[in-house]
Amino acid sequence: MAGRPEGGAVERGLTIKTEIQMETIGFIGLGIMGAPMAGHLLDAGYTVIASDHRSKPPADLVAKGLKTVSDHAAVAKAADIIITMVPDTPQVAEVLFGGNGVASGLSEGKLVIDMSSISPIETKTFAGKINEMGCDYLDAPVSGGEVGAKAASLTIMVGGEERAFERARPVFEKMGKNITLVGPNGVGQTTKVANQIVVALTIEAVAEALVFASKAGADPAKVRQALMGGLAASRILEVHGERMVRRTFAPGFRIELHQKDLNLALEGARALGVSLPNTSTTQKLFNSCTANGDAREDHSALVRALERMAGHEVGRGE
């Protein structure tokens, strides 16, 4: 009959439907960044599984349908794709290869994605171990902080094989906007270290400018507003400049975590024989903040180190 699809067409349609079935996601690390990221996956209709062996998952994620299992191995057994989002290299190693870790629950064909910000060198080692098990590995650190995580507008810098990247792309697209495969395993983390150099030095520049202007008698809020219309405009001036003026330092990204990232930059620079003088100076300012009890404040609180040296606090403004 005219207009009636042939059996082959129906079969092709069924094949396409099978291919686009959503994979089950394991998500380890439901903190400031991880919780909203996992929330977006749940909102998109993914089945998301987490471990409750140390702490109970956020209630709002459970209300959205988050499933929980006993440990990281059980997460890996139940999921097709396993995402880790934890603070530092030792935590990733423990999650992947510790007792009842992800590796002990993997089977051939699964995909492990580390979205933490960690050592590029160790990342290559982790990827090699996971590849030996017949699984793919992507390092996919993010930039955008808590604001970007909540808005699903993160920048995602990916290292790994293209086939694994294409498999993960639909998942990444639920959490971020600027998603780039930058090279093989480890290069995603190298890109994130470079990103953190730019962010730290720009925060320091904004802080210097506002301390200078404020101590000179200008209204820092109006100075910031004026600068936003010129070449000095940036996302950091917009967001972190406002934090400095309004004194709102509840963490989106903690100073202690940015210190960790700059340590990776400086360690890498030593190994490469590269000089990073302004990165080193900015790290010293972060160190000063930590010595004065600000380690768990937002990294925009770097301004406090400059304020202490100036004997002047940036005003609140309007």
Side-chain angles (χ1 to χ4, degrees), residues 29-36 54-55 58 85-92 94 116-119 141-150 192-193 195-216 219-221 223-224 234-267 269 276-317:
L30 300 174
I32 290 174
M33 299 284 289
R54 286 191 176 177
S55 60
M85 185 63 173
V86 296
D88 203 349
T89 308
Q91 285 78 31
V92 175
E94 177 63 24
S116 318
S117 296
I118 67 167
S119 164
V142 303
S143 180
E146 182 182 16
V147 172
K150 288 182 174 179
K192 177 58 187 288
V193 171
N195 177 86
Q196 294 303 80
I197 292 172
V198 173
V199 170
L201 270 59
T202 308
I203 289 174
E204 196 278 338
V206 169
E208 278 197 22
L210 293 181
V211 169
F212 167 78
S214 180
K215 190 156 187 179
D219 181 337
V223 169
R224 172 185 162 277
S234 70
R235 182 65 172 158
I236 287 172
L237 177 62
E238 178 187 357
V239 175
H240 293 321
E242 184 176 32
R243 285 176 175 266
M244 294 173 194
V245 170
R246 295 188 178 276
R247 321 305 292 173
T248 53
F249 297 127
F253 188 74
R254 299 192 302 273
I255 282 175
E256 62 185 356
L257 294 179
H258 211 142
Q259 280 183 293
K260 175 260 297 182
D261 292 339
L262 293 193
N263 278 339
L264 293 174
L266 295 169
E267 289 168 2
L276 301 178
N278 292 327
T279 301
S280 179
T281 298
T282 303
Q283 181 73 313
K284 290 176 182 178
L285 294 173
F286 277 138
N287 293 344
S288 173
C289 289
T290 295
N292 283 274
D294 294 331
R296 297 186 67 80
E297 298 282 22
D298 186 78
H299 52 175
S300 58
L302 173 71
V303 71
R304 288 178 170 167
L306 297 169
E307 289 171 341
R308 283 187 286 268
M309 289 190 285
H312 175 82
E313 182 178 293
V314 172
R316 290 180 180 273

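Atoms CD and OG1, from Q196 and T279 in turn, are 11.0 Å apart once rounded to the nearest 0.5 Å. Interatomic distance, CG of N278 versus CD of Q283, reported as 13.0 Å (0.5 Å rounding). Atom OG1 of T282 sits about 10.5 Å away from atom CG of N287, to the nearest 0.5 Å. Annotation: the span from D294 atom CG to R254 atom CZ amounts to 13.5 Å, rounded to 0.5 Å.
In this structure a side-chain-to-backbone donor-acceptor pair under 3.5 Å is present from R243 to T248. Looking only at distances, a side-chain donor or acceptor of R224 sits under 3.5 Å from a matching main-chain atom of L237. With hydrogens and angles disregarded, no donor-acceptor distance shorter than 3.5 Å links the side chain of S280 to the backbone of L276. Side-chain atoms of S288 never come within 3.5 Å of backbone atoms of K284 as a donor-acceptor pair (strictly under, hydrogens ignored). No donor-acceptor pair under 3.5 Å is formed between the side chain of S119 and the backbone N or O of T89.
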Next item on the list: Start with the C-alpha distance between R308 and C289, add both sets of side-chain angles, then the distance that settles side-chain contact (heavy atoms from CB on, under 4.5 Å), and finish with yes or no.
Entry: CA-CA 10 Å; R308 283 187 286 268; C289 289; 3.9 Å; yes
Note to self: Walk me through whether V147 and R235 qualify under side-chain contact (heavy atoms from CB on, under 4.5 Å).
What the structure shows: CA-CA 12 Å; V147 172; R235 182 65 172 158; 3.8 Å; yes
Margin query: side-chain contact (heavy atoms from CB on, under 4.5 Å), that's the test. Do L306 and V314 meet it? Break it down for me.
Written below: CA-CA 10 Å; L306 297 169; V314 172; over 6 Å; no
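Residues R247 and R304 come closest through the heavy atom pair NH2-CG, 4.2 Å. Counting all heavy atoms, side chain and backbone alike, G252 lies closest to D298 at N-OD1, 2.9 Å. Contact detail for S300 and F249: the closest heavy-atom pair is OG-CD2, 3.5 Å. Taking every heavy atom of both residues into account, P251 and E297 meet most closely at CB-C, 4.2 Å. Contact between F286 and I255 at its shortest, heavy atoms only, is CD2-CG2, 3.7 Å. Listed here is the closest heavy atom pair of A221 and V245: CB-CG1, 3.9 Å.
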Residues 197-214 side chain polar contacts: donor-acceptor under 3.5 Å, at least two apart:
from: T202; atom 1: OG1; to: V198; atom 2: O; distance (Å): 2.6
from: S214; atom 1: OG; to: H312; atom 2: NE2; distance (Å): 2.7

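Taking the ring pair (Phe, Tyr, Trp, His ring centres under 6.0 Å) definition, one finds that F253 meets it with H258, H299, sequence neighbours left out. Listed by chain and number, the residues in a side chain to side chain contact (heavy atoms under 4.5 Å, CB included) with Q91 are V86, P87, D88 (sequence neighbours excluded).
For the residue pair S117 / D261, no side-chain donor-acceptor distance below 3.5 Å is found, with atom types taken as modelled. For the residue pair Q259/T290, the side-chain donor-acceptor check at 3.5 Å is satisfied.
In summary, K260 and E256 do not engage in a salt bridge, as defined by a charged side-chain N under 4.0 Å from a carboxylate O.
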